[in-house]
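To start, the structure under review is shown below, and the notes come after it.
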2 protein chains.
Amino acid sequence: MKLSKQFPLNALRVFEAVARLGSFTRAGHELGMTQTAVSYQIKLLEENIGAPLFLRMPRQIELTEAGEHLAPRVSEAFAILVEAMASMRKTTEETLTIHSTATFAQQWLSRYLGSFQLEFPHIAVRLVTSGHIVDFQKEAADVAIRWGRGDWPGLISHRIMKLDFAPMLSPKLAAEIGGVHEPEDLLKLALISAGDPWWAQWFAAAGVKDPDLSRYPKSEFGTQILDASIAIAGGGVAMLNPGHFQDDVAAGRLYQPFELTGSDGRDYWLAYPENRRNVPKIRNFRKWLLEKFDVQQA
Amino acid sequence: MKLSKQFPLNALRVFEAVARLGSFTRAGHELGMTQTAVSYQIKLLEENIGAPLFLRMPRQIELTEAGEHLAPRVSEAFAILVEAMASMRKTTEETLTIHSTATFAQQWLSRYLGSFQLEFPHIAVRLVTSGHIVDFQKEAADVAIRWGRGDWPGLISHRIMKLDFAPMLSPKLAAEIGGVHEPEDLLKLALISAGDPWWAQWFAAAGVKDPDLSRYPKSEFGTQILDASIAIAGGGVAMLNPGHFQDDVAAGRLYQPFELTGSDGRDYWLAYPENRRNVPKIRNFRKWLLEKFDVQQA
DNA sequence: TGCATCCATAAAGAGAACTTATCCATGAAA
DNA sequence: TTTCATGGATAAGTTCTCTTTATGGATGCA
């Protein structure tokens with residue numbers, strides 16, 4: 001179906017109002033234009049069709065046969081458009097799409113999102129976890145939780161969590177080797193995702209010279225969640241973000257032998273497009289999230 | 001349902017084309033506008049909705065979830081509008097509404113209209129007979145057959161038949177009184193619609209002095225058809241337009257004793273609004289009608 | 001590496017649509 | 001009957017949306 005540029009959409013909109021209100025003047029009033037403009041549009045439409053749509057009586061107008069035929073179809077079509085646009089606006093206003101790293105989603109969001117829903121029951125949340133960094137141009141995302149340096153152009157970023165890391169293992173495994181007292185003790189155990197640069201960085205910070213990490217398998221699992229699962233199962237020592245695994249530590253599933261944490265200068269950030277900072281659902285989410293992390297807000 | 005002036009109808013039209021063709025450039029081409037204009041309209045719509053409708057990939061675009069949701073509704077609505085307008089145009093282009101006097105409709109149009117339908121099979125004819133003079137402003141009429149002086153402002157008028165009149169009666173009735181030889185003979189018979197000024201006018205033209213028409217009943221029947229029926233039934237002499245009753249004369253039902261006809265300067269005219277003279281159905285009807293009456297055409 | 005394709009942006013221009021001012025016709029009220 | 005209020009039509013001038021022109025950036029293809 002082709003809709004040429006000269007299809008009189010505006011005139012039809014005006015016609016709909018006039019047909020419904022039975023008056024040029026009233027229609028103009030509703031549409032926020034003068035009676036003259038209404039008259040002009042109706043004339044345009046009548047010329048386009050080639051037949052009068054209204055009978056001009058002294059102090060009133062009446063639909064002609066043609067107008068009587070056209071009116072219901074026009075209002076039906078416009079009703080569909082209005083309804084479609086309304087539902088569109090509603091869903092975009094009321095569903096918040098969060099892109100997040102898998103780890104953050106699982107270890108943090110999944111636990112606390114409930115309180116957000118309670119606080120903002122009319123906002124539906126769609127949580128999308130993806131490995132790659134979100135491009136707001138290309139994905140229908142409202143906000144993203146990323147890690148990095150927070151210097152993304154066009155985005156507003158709030159640091160929500162320091163991304164530091166420390167070795168963690170199951171208390172049982174630690175006991176098996178008579179406890180972990182010195183950083184070097186860790187080298188007796190399997191290092192999970194040993195290829196991760198965080199290992200070398202942490203050992204360097206701990207003053208361990210030449211830990212020879214090359215003798216461990218180089219496999220990497222990509223998400224801390226997996227590393228953590230292995231560690232909890234006693235499969236070795238994982239390099240994890242303590243902030244994410246406080247619960248497991250508290251429950252005795254994981255044990256962090258050293259306070260020392262490493263950091264590569266990258267942290268967790270909440271980010272969203274600068275030009276959408278005032279969209280209510282985004283503002284609400286930002287406020288809620290930053291409060292949870294006790295971040296000073298502007 | 002209210003459709004405010006800023007409801008983005010144009011943008012929706014553009015959106016429909018883009019969604020269907022999958023390209024700003026192609027949509028612009030179809031709509032007869034540049035890619036830039038399409039881009040502008042889509043952006044407008046996206047701002048109005050508050051969510052992107054297309055994912056901008058390097059060399060292609062893709063509907064977002066939102067766009068995917070909106071597109072079918074929009075095309076449905078526009079399909080209804082297009083269909084309604086098309087059927088509207090079609091019926092107004094293809095049905096010709098003729099307003100006519102009852103006499104002309106019955107005595108002339110009803111007999112010859114068939115040949116018009118044969119010649120223009122795609123034009124449907126609606127024939128409306130009405131006593132009052134048609135106001136093209138107030139009635140959905142395309143053409144009118146009227147009698148008068150042809151000097152109606154805003155209308156184009158073609159004289160199609162002289163409106164003259166002559167006494168007519170049934171041959172049988174004429175024989176009963178030994179034939180009608182002199183105008184005075186008519187006064188022996190009942191004069192139908194004797195109050196009609198045409199009687200006085202005709203007798204004056206015939207040189208009959210003081211016919212004393214007041215002794216006849218003053219009843220008038222309004223249409224020549226009725227007068228004619230009475231005359232055919234032998235109920236008296238009627239003052240009729242010979243042009244309308246040629247067939248009855250030929251068939252021996254009526255008899256016109258004198259060649260002399262009266263006229264009050266008013267004739268039958270085909271009339272239609274000046275500004276619609278080039279509407280095809282009107283042009284076709286005018287040509288056909290004037291040919292039937294051998295009228296010189298411009 | 002160069003060319004073609006496709007969309008985005010900025011600035012300037014065109015033209016449709018709107019407003020102001022005025023008129024006309026009619027019905028109701030004085 | 002005259003006057004006033006209502007509702008629409010018309011003409012001319014103006015506004016402002018939409019469009020185009022010009023340009024740039026990104027990507028895929030040869």
Side-chain angles (χ1 to χ4, degrees), chain A residues 3-48 52-64 67 135-139 153-154 273-275, chain B residues 3-48 52-64 67 135-139 153-154 273-275:
Chain A
L3 208 52
S4 88
K5 217 174 54 173
Q6 42 239 357
F7 190 86
L9 276 176
N10 278 313
L12 283 171
R13 176 207 344 250
V14 174
F15 168 75
E16 188 277 334
V18 176
R20 177 160 41 80
L21 299 172
S23 152
F24 285 25
T25 308
R26 276 199 296 280
H29 203 70
E30 173 177 303
L31 294 169
M33 57 209 270
T34 58
Q35 168 266 120
T36 313
V38 174
S39 178
Y40 171 81
Q41 290 292 341
I42 295 296
K43 182 189 264 190
L44 221 63
L45 188 59
E46 289 179 329
E47 270 166 19
N48 185 302
L53 293 165
F54 295 99
L55 303 180
R56 272 72 163 182
M57 327 285 233
R59 284 164 68 92
Q60 59 179 339
I61 54 171
E62 196 177 295
L63 280 166
T64 61
D135 182 342
F136 284 97
Q137 298 283 301
K138 297 197 177 161
E139 316 241 7
E274 204 170 342
N275 55 15
Chain B
L3 209 52
S4 89
K5 215 174 58 171
Q6 42 240 357
F7 190 86
L9 275 177
N10 278 314
L12 283 170
R13 176 206 344 247
V14 173
F15 169 74
E16 188 276 337
V18 175
R20 177 160 41 80
L21 299 171
S23 152
F24 285 26
T25 309
R26 276 199 296 280
H29 203 70
E30 173 177 302
L31 295 169
M33 57 207 273
T34 58
Q35 168 266 122
T36 313
V38 174
S39 178
Y40 171 83
Q41 291 291 342
I42 294 297
K43 182 189 265 188
L44 221 63
L45 188 58
E46 289 179 330
E47 270 166 20
N48 185 301
L53 294 166
F54 294 99
L55 303 179
R56 273 72 163 182
M57 325 287 232
R59 284 164 70 91
Q60 60 178 338
I61 54 171
E62 196 177 297
L63 281 165
T64 60
D135 183 342
F136 284 98
Q137 298 282 303
K138 296 197 178 162
E139 315 241 7
E274 204 170 343
N275 55 16

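Below, chain A is the first sequence line, B the second, and so on; all start at residue 1. Scope of the values below: all heavy atoms of this structure, side chains included, with no hydrogens, waters or symmetry mates. Not measured: the values here are computed from a predicted model.
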**OP:** Check whether any side-chain heavy atom of Phe54(A) sits under 4.5 Å from a side-chain heavy atom of Thr64(A), and report yes or no.
**Re:** no
Original post:
Expressed in angstrom and rounded to an integer, what is the separation of Phe15(A) atom CZ from dG8(D) atom P?
Top reply: 15 Å
Subject >> Whole-Å distance separating the NZ atom of Lys5(B) from the P atom of dC18(D) >> reply: 11 Å
**OP:** Can you check each nucleotide of nucleotides 3-11 of chain C against protein heavy atoms at under 4.0 Å and return B for base, S for sugar-phosphate only, - for none, in 5' to 3' order?
**Re:** -BBSBBBB-
**OP:** Please test Phe7(A) against Leu12(A) for side-chain contact (heavy atoms from CB on, under 4.5 Å), starting from the C-alpha separation and ending with a verdict.
**Re:** CA-CA 9 Å; Phe7(A) 190 86; Leu12(A) 283 171; 3.6 Å; yes
Original post:
Can you check whether Arg20(A) reaches Glu30(A) side chain to side chain, under 4.5 Å on heavy atoms?
Top reply: yes
Subject >> Between dT19(D) (C1') and Leu31(B) (CG): distance, integer Å >> reply: 13 Å
Original post:
Would you say a side-chain N or O of Gln41(A) is under 4.0 Å from OP1 or OP2 of dC18(C)?
Top reply: yes
**OP:** Flag the pair Arg26(A) / Val18(A) as yes when at least one side-chain heavy-atom distance between them is below 4.5 Å, and no otherwise.
**Re:** no
**OP:** Take atom CD of Glu47(A) and atom C1' of dT10(D), then tell me their distance rounded to the nearest Å.
**Re:** 13 Å
Original post:
Which nucleotide in the list dC18(D), dT20(D), dT19(C) gets nearest to the side chain of Met33(A)?
Top reply: dT19(C)
Subject >> Between C1' of dC18(C) and CZ of Arg13(A), the distance in whole Å >> reply: 13 Å
Original post:
For Met33(B) and Tyr40(B), what are the C-alpha separation, side-chain angles and deciding distance, and is it a side-chain contact (heavy atoms from CB on, under 4.5 Å)?
Top reply: CA-CA 11 Å; Met33(B) 57 207 273; Tyr40(B) 171 83; over 6 Å; no
Original post:
Rounded to the Å, how far apart are Gln6(B) CD and dC18(C) C1'?
Top reply: 15 Å
Subject >> Nucleotide dG7(D), atom P - distance to NE2 of His29(A) in whole Å >> reply: 12 Å
Subject >> Side-chain N or O of Thr34(A) closer than 4.0 Å to phosphate OP1/OP2 of dT19(C) >> reply: yes
**OP:** Check every strand shown and say whether Leu44(B) touches a base, only sugar-phosphate, or nothing at a heavy-atom separation below 4.0 Å.
**Re:** sugar-phosphate
Subject >> Distance in angstrom units between Leu9(B) CG and dA16(C) P, rounded >> reply: 19 Å
Subject >> Residues Gln41(A), Arg13(A); criterion side-chain contact (heavy atoms from CB on, under 4.5 Å); working and verdict >> reply: CA-CA 9 Å; Gln41(A) 290 292 341; Arg13(A) 176 207 344 250; over 6 Å; no
Subject >> Asn10(A) side chain near Asn10(B) side chain, heavy-atom distance below 4.5 Å >> reply: yes
